[in-house]
2 protein chains.
Amino acid sequence: MYICSMYSKELLKGTLQTIILQLLSEHGKMYGYEITQKVKSLSDGELLLTEGALYPSLHKMEAKGLLTTEKVALGKRVRKYYHLTPAGEAAAVQKVSEFSAFVESMRKILSLDENPGLEPC
Amino acid sequence: MYICSMYSKELLKGTLQTIILQLLSEHGKMYGYEITQKVKSLSDGELLLTEGALYPSLHKMEAKGLLTTEKVALGKRVRKYYHLTPAGEAAAVQKVSEFSAFVESMRKILSLDENPGLEPC
DNA sequence: GTAAATACATAACTTTCTTATGTATATTTG
DNA sequence: CAAATATACATAAGAAAGTTATGTATTTAC
């Protein structure tokens, strides 16, 4: 499959936790690989989470008490499901709100209101 | 003046060059301090560029051939105006386009279409 | 049975920003 | 007029959050 990934991944910085928290908020519980696939499909292949970013981020949020885990056996493999703690739910709302405010500010700065964007490649 | 800065600055990562390029694209030429003030006023005090981020970024873009400089004396001080090269103009269009695409992807992932956002503080 | 997909994990490195510091002139305010 | 604030540039140490590379192992598809 050809992937039209036109933008550098730098923009993802600072939004990874927001994505994880919001997806868990919507879907109840998910495992790591599932999150990568969900982001890929929801964004039509535009945003691809790397495992090197995802797993450390999940571990960090677990350490901070935003997530809890549940291990489920699949044959001989183990799948690790994550779900939000109450603190995690609060963080999800907070992070999404922050992102919205940030985009609104950027819209003002970049005069982006009626910008139609470029053609997809 | 009280500043309602509710969100962490992490989100700014990856967007600083986009902001600089787009502002220069709109205003022809600007100097560093002017850029910080413009961002502050356009965002109603929400986004505050630090000098430690701004100046190195300007120098880097100049080194990459996206900007050129012109020094102007003000009494005993020197003001350094930056303006876009042709490559810088192209980069401005590209970067803003990337940002729009990124926001569109995030909108899909976060199910943000009809999210009204939280009350301002 | 080989390749690709699924599923986790960590380590070295890079980039980008924050925080702190430094220098200096101009303006405002008490 | 003295002091505080604003204007105007710059750099360096450190933190944070990614990328890239690598490793292990099972399951599915051709």
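Just so you know, these numbers come straight off a predicted model, no measurement behind them. We name chains A, B, ... by the order of the sequence lines, and we start the count at 1 in each one.
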Self-check item: Interatomic distance where CG belongs to A:L48 and P belongs to D:dT19 [whole Å]
Solution: 10 Å
Quiz item: In whole Å, what is the span from the CE atom of B:M61 to the P atom of C:dT15?
Solution: 16 Å
Please list, for nucleotides 8-11 of chain C, all pairs of protein and nucleotide N/O atoms separated by less than 3.5 Å.
unit_1, atom_1, unit_2, atom_2, d
C:dC8, OP1, A:K80, N, 3.0
C:dC8, OP2, A:G32, N, 3.3
C:dC8, OP2, A:Y33, N, 2.6
C:dC8, OP2, A:Y55, OH, 3.2
C:dC8, N4, A:E51, OE1, 3.4
C:dC8, N4, A:E51, OE2, 3.2
C:dA9, OP1, A:K80, NZ, 2.8
C:dA9, OP2, A:H59, NE2, 3.0
C:dT10, OP2, A:H59, ND1, 3.3

Quiz item: Counting only N and O atoms by type, is there a donor-acceptor contact under 3.5 Å from the side chain of A:T69 to the main-chain atoms of A:K80?
Solution: no
Quiz item: Checking all strands, does A:K60 fall into the base, sugar-phosphate, or nothing category for heavy-atom contacts under 4.0 angstrom?
Solution: sugar-phosphate
Quiz prompt | CG on A:L42 to OG on B:S105, rounded to 0.5 Å | solution = 10.0 Å
Quiz item: Could you give the distance from CG (A:L66) to NZ (A:K60), rounded to the nearest 0.5 Å?
Solution: 10.5 Å
Practice problem: Output the distance between atom OG (B:S41) and atom CG (B:L47), rounded to the nearest 0.5 Å. | Solution: 11.5 Å
Self-check item: Spacing of A:L49 atom CG relative to D:dG18 atom P, expressed in whole Å
Solution: 10 Å
Practice problem: Examine the base of D:dT27 for any acceptor or donor lying under 3.5 Å from a partner atom in the side chain of A:R77, and report the outcome as yes or no. | Solution: no
Quiz item: Taking CG from B:L54 and P from C:dT16, how many angstroms apart are they, rounded to a whole number?
Solution: 15 Å
Quiz item: Could you state the NZ-C1' distance from A:K76 to D:dT24, rounded to the nearest angstrom?
Solution: 15 Å
Practice problem: In whole angstrom, give the distance that lies between atom CD1 of B:I35 and atom C1' of D:dA8. | Solution: 13 Å
Quiz item: Rounded to the nearest 0.5 Å, how far does CG of B:L48 lie from CG of B:L54?
Solution: 12.5 Å
Self-check item: Shortest non-hydrogen contact between A:Q17 and A:S57, atoms and distance
Solution: CG-OG, 3.7 Å
